2 protein chains.
Amino acid sequence: MKAGSAGWWKARYAALARQRPRAGGLELGRITEVALRIVDGEGLAALTMRRVAEEMGVRHTSLYRHVASRDELLVELVDHVLGEVRPAESGKGWRADAEQSAWDFRRVLLGHPAIVPLLTAGQLLGPNALRARETGLGLLISAGWKPSQAVQIYLTVTHFVIGTALLGTGGAARGAGERTAMTDLFAGLPQYPLVRELAVPLNLPDGDQEFRFGLTALLDGIGDPR
Amino acid sequence: MKAGSAGWWKARYAALARQRPRAGGLELGRITEVALRIVDGEGLAALTMRRVAEEMGVRHTSLYRHVASRDELLVELVDHVLGEVRPAESGKGWRADAEQSAWDFRRVLLGHPAIVPLLTAGQLLGPNALRARETGLGLLISAGWKPSQAVQIYLTVTHFVIGTALLGTGGAARGAGERTAMTDLFAGLPQYPLVRELAVPLNLPDGDQEFRFGLTALLDGIGDPR
DNA sequence: ACCTGAACACCGTTCAAGT
DNA sequence: ACCTGAACACCGTTCAAGT
């Protein structure tokens, strides 16, 4: 059973419903917290089973009593992070709500850049993901969009947020060193005059501004329910 | 020197310019081809140095004579794939050109789904990436967009194409098995009625249709140069 | 100049054994 | 029920040695 698949989540939901408040604090919850701390601080590559175990003062083989694989841990981690997204409630109409939701989703993702690539691994079917989906669709449908349009809009905007988070964090040239290296590189490549001339805005994009530009264009282009 | 960084590419361009047509066919070119074949057929995880070497009838340690690391091989692979993108030449105005470029870029990415995640690793500074960038910016600027606007539009559309390719290939539920598993899952989750009702369009999105919808909205929202 | 063999320092995962 | 120790089958990478 592949971690994160529909079948996997079905078993997972069943386990959650069955679960009694255990004595020593949920072990999986603690593992997830430790994993998130490692990932936030040192990136995804630093998240090894051995490292998590070390942090918890336990042998790495013990973790397999609580989590079936590293992949499964990553799936739990993703839904845990999605739990930080707050439901939109601007009261200013669907477009304002959509904008606020998008910005809030972005805020959460930028807070945990290392887990963003994991959002592309497959369907997001955890409780927090489904809650956000339900809220988003409800917002659009009660604003007058037909269900099929609501799906389209929801997917497009969500994918836009994930895509820009993914490309904004990886793509920007941080630090003065990388910036001068870039100038150096283009200085020796006269065959690309526009690329060279526009090196600064191209390579030091203001992520928030690009996000605002794209989101505005997208929502302008979508228009209003008709 | 981190593979794919500006400094790394500078050295790489210098090496390319210095290079004479070698006797036995470029070794790095052959390595890249073998790597692409593996990746296309079996995914990124199957691309190990040992596997590439085996495919070439050589010991894996020999590869390090031609490529400094696996990361470096991945960077070469990405630019190699970007070489498949064809320059747009519709002759029907900037918007038609932009649409055609976006669809062509999408076509290339869907042809090599396993390398799409690599596009988010950092700046794309290889010769094929810069050529595409130069062409795209030229197209926009000669259509009347100001350079700063051209950069904004170019980045937004490019990121949109990458983002949808990334999320479309990973997100869709392929196959009847996964589809019935999804139905099964939602049947047991009455707390998400909209998610359940709209399970089919949400989880079996037509990637091309979502792409068309989003691209149209984006370009509609961007409008024309003013 | 290029390839080989042995070795190092890591991984994730399994499983019998202990308590 | 939970943790441990040893082991397996992998990785990427380095480097002295061969030709």
Side-chain angles (χ1 to χ4, degrees), chain A residues 1-5 8 15-16 18-35 38-39 42-78 114-115 117-118 121, chain B residues 1-5 8 15-16 18-35 38-39 42-78 114-115 117-118 121:
Chain A
M1 180 70 52
K2 193 166 170 269
S5 69
W8 182 89
L16 284 170
R18 195 181 327 113
Q19 205 166 61
R20 308 287 181 79
R22 231 184 288 173
L26 290 190
E27 203 60 39
L28 188 125
R30 280 187 56 223
I31 294 174
T32 307
E33 277 165 29
V34 170
I38 293 170
V39 145
E42 303 166 51
L44 205 50
L47 182 64
T48 67
M49 299 301 270
R50 283 165 159 92
R51 177 67 195 285
V52 172
E54 189 193 359
E55 211 94 342
M56 300 181 76
V58 93
R59 299 289 160 246
H60 70 283
T61 53
S62 307
L63 296 176
Y64 290 87
R65 190 65 38 175
H66 302 96
V67 79
S69 66
R70 182 175 183 268
D71 274 358
E72 191 168 305
L73 176 55
L74 297 181
V75 169
E76 296 283 357
L77 203 53
V78 165
I115 67 104
L118 301 177
Chain B
M1 180 71 51
K2 193 166 170 269
S5 69
W8 183 89
L16 285 169
R18 195 184 323 115
Q19 203 166 61
R20 308 286 180 78
R22 231 184 289 173
L26 291 190
E27 202 60 41
L28 188 125
R30 279 187 55 223
I31 294 174
T32 307
E33 278 165 28
V34 170
I38 293 170
V39 146
E42 304 166 49
L44 204 51
L47 182 64
T48 67
M49 300 301 271
R50 284 165 160 92
R51 177 68 195 285
V52 172
E54 190 192 359
E55 210 95 342
M56 301 181 76
V58 92
R59 300 289 160 245
H60 70 282
T61 54
S62 307
L63 295 176
Y64 289 88
R65 190 65 39 177
H66 302 97
V67 78
S69 66
R70 181 175 182 269
D71 275 357
E72 191 168 305
L73 176 56
L74 297 181
V75 169
E76 296 283 357
L77 203 53
V78 165
I115 68 103
L118 302 176

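Because the structure is predicted, anything quoted here is derived from the model rather than measured. Computation of the quantities below employed the complete heavy-atom set of this structure, encompassing side-chain atoms and omitting hydrogens, waters and symmetry-equivalent molecules. A note on names: the letters A, B, ... follow the listed sequences, proteins ahead of strands, and every chain is numbered from 1.
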Kindly indicate whether the side chain of [X] and the base of [N] share any N or O donor-acceptor pair separated by less than 3.5 Å?
{"X": "A:Ser69", "N": "C:dG12", "value": "no"}
{"X": "B:His60", "N": "C:dT4", "value": "no"}
{"X": "A:Arg59", "N": "D:dG5", "value": "no"}

Check your understanding: Between D:dT14, D:dC3, C:dC3, which nucleotide has the shortest distance from any of its atoms to the side chain of B:Ser62?
Key ->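 Of D:dT14, D:dC3, C:dC3, C:dC3 is nearest to the side chain of B:Ser62.
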Review point. Which nucleotide in the list D:dC3, D:dG5, C:dG12 gets nearest to the side chain of A:Val58?
Key: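 Minimum distance to the A:Val58 side chain belongs to D:dC3.
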Whole-Å distance between [N] [atom2] and [X] [atom1]?
{"X": "B:Glu54", "N": "D:dG12", "atom1": "CD", "atom2": "P", "result": "13 Å"}
{"X": "B:Glu27", "N": "C:dC2", "atom1": "CD", "atom2": "P", "result": "8 Å"}
{"X": "A:Glu72", "N": "C:dT14", "atom1": "CD", "atom2": "P", "result": "11 Å"}
{"X": "A:Tyr64", "N": "D:dC8", "atom1": "OH", "atom2": "P", "result": "17 Å"}
{"X": "A:Arg70", "N": "D:dC11", "atom1": "CZ", "atom2": "C1'", "result": "13 Å"}
{"X": "A:Leu47", "N": "C:dG12", "atom1": "CG", "atom2": "C1'", "result": "12 Å"}
{"X": "A:Arg51", "N": "C:dG12", "atom1": "CZ", "atom2": "P", "result": "12 Å"}
{"X": "B:Leu63", "N": "C:dG5", "atom1": "CG", "atom2": "P", "result": "14 Å"}

Closest contact, heavy atoms only, [X] versus [Y]:
{"X": "B:Gly43", "Y": "B:Ala114", "result": "CA-CB, 4.0 Å"}
{"X": "A:His60", "Y": "A:Met49", "result": "CB-O, 3.8 Å"}
{"X": "B:Leu77", "Y": "B:Leu47", "result": "CD2-CD2, 4.1 Å"}

**Study point:** Phosphate-side-chain proximity, A:His66 and D:dC3, N/O vs OP1/OP2 below 4.0 Å
**Key:**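 So the side-chain polar atoms of A:His66 do come within 4.0 Å of the phosphate oxygens OP1 or OP2 of D:dC3, strictly under.
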Exercise for review: Inspect the contact between B:Arg51 and B:Glu55 and indicate whether a charged nitrogen and a carboxylate oxygen are less than 4.0 angstrom apart.
Suggested key: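 Answer for the salt bridge query: yes.
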Check your understanding: Less than 4.0 Å between a side-chain N and a carboxylate O, is that true for B:Glu27 and B:Arg30?
Key ->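 Salt bridge present between B:Arg30 and B:Glu27.
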**Study point:** Pairing partner (Watson-Crick or G-U wobble, both distances under 3.5 angstrom) of C:dG12
**Key:**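 Across any shown strand, C:dG12 pairs with D:dC8.
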Check your understanding: So which nucleotide does C:dG18 pair with, by the Watson-Crick or G-U wobble rule with both distances under 3.5 Å?
Key ->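 Because both required distances fall under 3.5 Å, C:dG18 counts as paired with D:dC2.
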Practice item. Take B:Arg65 and B:Asp71, find for each the nucleotide of DNA chain D with the closest heavy atom, and name the residue whose nucleotide sits nearer the 5' end. Key: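 The answer here is B:Asp71.
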**Study point:** Residue whose closest nucleotide on DNA chain D lies nearer the 5' end, A:Gly57 versus A:Arg50
**Key:**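 First, find each residue's nearest nucleotide; the 5'-ward one identifies A:Gly57.
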Check your understanding: Hey, does A:Thr48 reach any base, or is it just sugar-phosphate, or nothing, if we go heavy atoms under 4.0 Å?
Key ->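 Sugar-phosphate contact only.
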